[in-house]
Amino acid sequence: MSNQLLSDRINSLPVSQTLAMAAKARELKAAGKDIISLSLGEPDFNTPDFIKEAAIEAINQDYNSYTPVDGYVELKEAICTKFKRDNNLHYSPNQIVVSTGAKQSIANVAQVLLNPGDEVLLPAPYWVSYSAIATLCEAKFVEIPSTIDTDFKITPSQLEAAITPKTKMIFFNSPNNPSGTIYSEEEYRALAAVLEKHPQIYILSDEIYEHINYGDKPFSFAAIESMYDRTITVNGLAKAFAMTGWRIGYIGAPAWIAKACTKMQGQITSGTNCIAQRAAITAVLAPISKIQYMVDEFKQRRDMVLDLLGTIDGFKLNIPNGAFYVFPDISAFFGKTIKGRNIENANDFSMLLLEEANVATVTGEAFGAPDCIRLSYAASVSQLQEAIKRIKEVLS
Ligand code: GLU
């Protein structure tokens, strides 16, 4: 009833499935259920001490006022240093905008570039909020499918075939959430060769999982000369620095896009949290070696999870080289009855795991990959072992 009073905009917006599943897991836990949540992509580490100390110092130094809308200049300079150091990208501070998480960075970019009716290409699987953010801009999202057999990568000819005169943007994400796939420099260049023929298309390159890679160092779209003026590079601190709740995301972009994002942000949230920004200066300038222990741990867990899931019939796996997710194809279970439930799709399968195994995952439907489910291995070894043991029991 009250929904009729809400705008069409919010009524047509899907709930974020990652957040919804995490909330459901929390709710069930609070009700006394022994739930293991492998739903949310959130490092289970604490923020490193050297970053926490920088935040405490900022509080003691009375950083408490509004910040510039696009971020402290020292932080923007530090981000430029980081882009040069890690990505060989040359940005000046007027090309940087700091936001309240990479999610806001992406929403800003979409809001300032997309008109109703524009088409946004989403190589699938894609992060749940991309499609919702495009929809909020009244743009049409166009999925480019991939499967586990091609390591969840799209090809240049698929890209070419998806482009129409209305295509305005592509949202590209490597290392990928949910698949963990990392595109090689060669693969980036092959996709860029297609985009070169279509100068009206802008590239949003979401590199938030950059540092969580197991050997294949990720590349950046903007590092290709012909793409630099058309690419918005998105990054943030949440994943690599275990700072999800601090909410610091940022973009490097052509100055005119950065200026437009600042204008947008100035009317919605203003500059992001002052303490988090001061701590972020320390974080982005820190040598990667300072966070390597988390990446090493994630790799061990990935290997263990792949070994354990590999013992369950019906789980089709590939080797994800980055991020902290596995994204098995579980379509072998479709059409079966398990624990008295008909499993028709990934939603049913994910609910089966939640309600019968007490393990929270996220359905692949939410990521545009209806044959798969996502499990986050950003959880302790003992939780992961127990979760997979329970899954195996339910399915046997
Ligand atoms: N990006 C994380 C995930 O995919 C955090 C939740 C969200 O914002 O979607 O689980």
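For ligands, and for the atoms within them, numbers begin at 1 and follow the listed sequence. Quick caveat, the model's predicted, so the values are computed rather than measured.
Residues passing the salt bridge (Lys or Arg N to Asp or Glu O under 4.0 Å) test with Glu355 are Arg341, sequence neighbours excluded. Applying the salt bridge (Lys or Arg N to Asp or Glu O under 4.0 Å) test to Asp62 and every residue at least two apart in sequence or in another chain returns nothing.
Donor-acceptor pairing under 3.5 Å is recorded for the side chains of Tyr91 and Thr233. With 3.5 Å as the limit, one finds no donor-acceptor pair spanning the side chains of Thr167 and Gln200.
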Could you pull out the N/O contacts under 3.5 angstrom between ligand 1 and the surrounding protein atoms?
| residue | atom | partner | partner atom | Å |
| --- | --- | --- | --- | --- |
| ligand 1 | 1 (N) | Lys239 | NZ | 3.2 |
| ligand 1 | 4 (O) | Trp127 | NE1 | 3.3 |
| ligand 1 | 4 (O) | Asn177 | ND2 | 2.9 |
| ligand 1 | 4 (O) | Arg374 | NH1 | 2.9 |
| ligand 1 | 8 (O) | Lys103 | NZ | 3.0 |
| ligand 1 | 9 (O) | Thr18 | OG1 | 2.6 |
| ligand 1 | 9 (O) | Trp127 | NE1 | 2.9 |
| ligand 1 | 10 (O) | Gly41 | N | 2.8 |
| ligand 1 | 10 (O) | Arg374 | NH2 | 2.8 |

Show me the donor-acceptor pairs, under 3.5 Å and distance only, between side chains in residues 133-140 and residues at least two apart or in other chains.
| residue | atom | partner | partner atom | Å |
| --- | --- | --- | --- | --- |
| Thr135 | OG1 | Ser131 | O | 2.7 |

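Between Tyr126 and Tyr130, the angle of the ring planes stays under 30°, which puts this pair in the parallel group of the 30/60° scheme.
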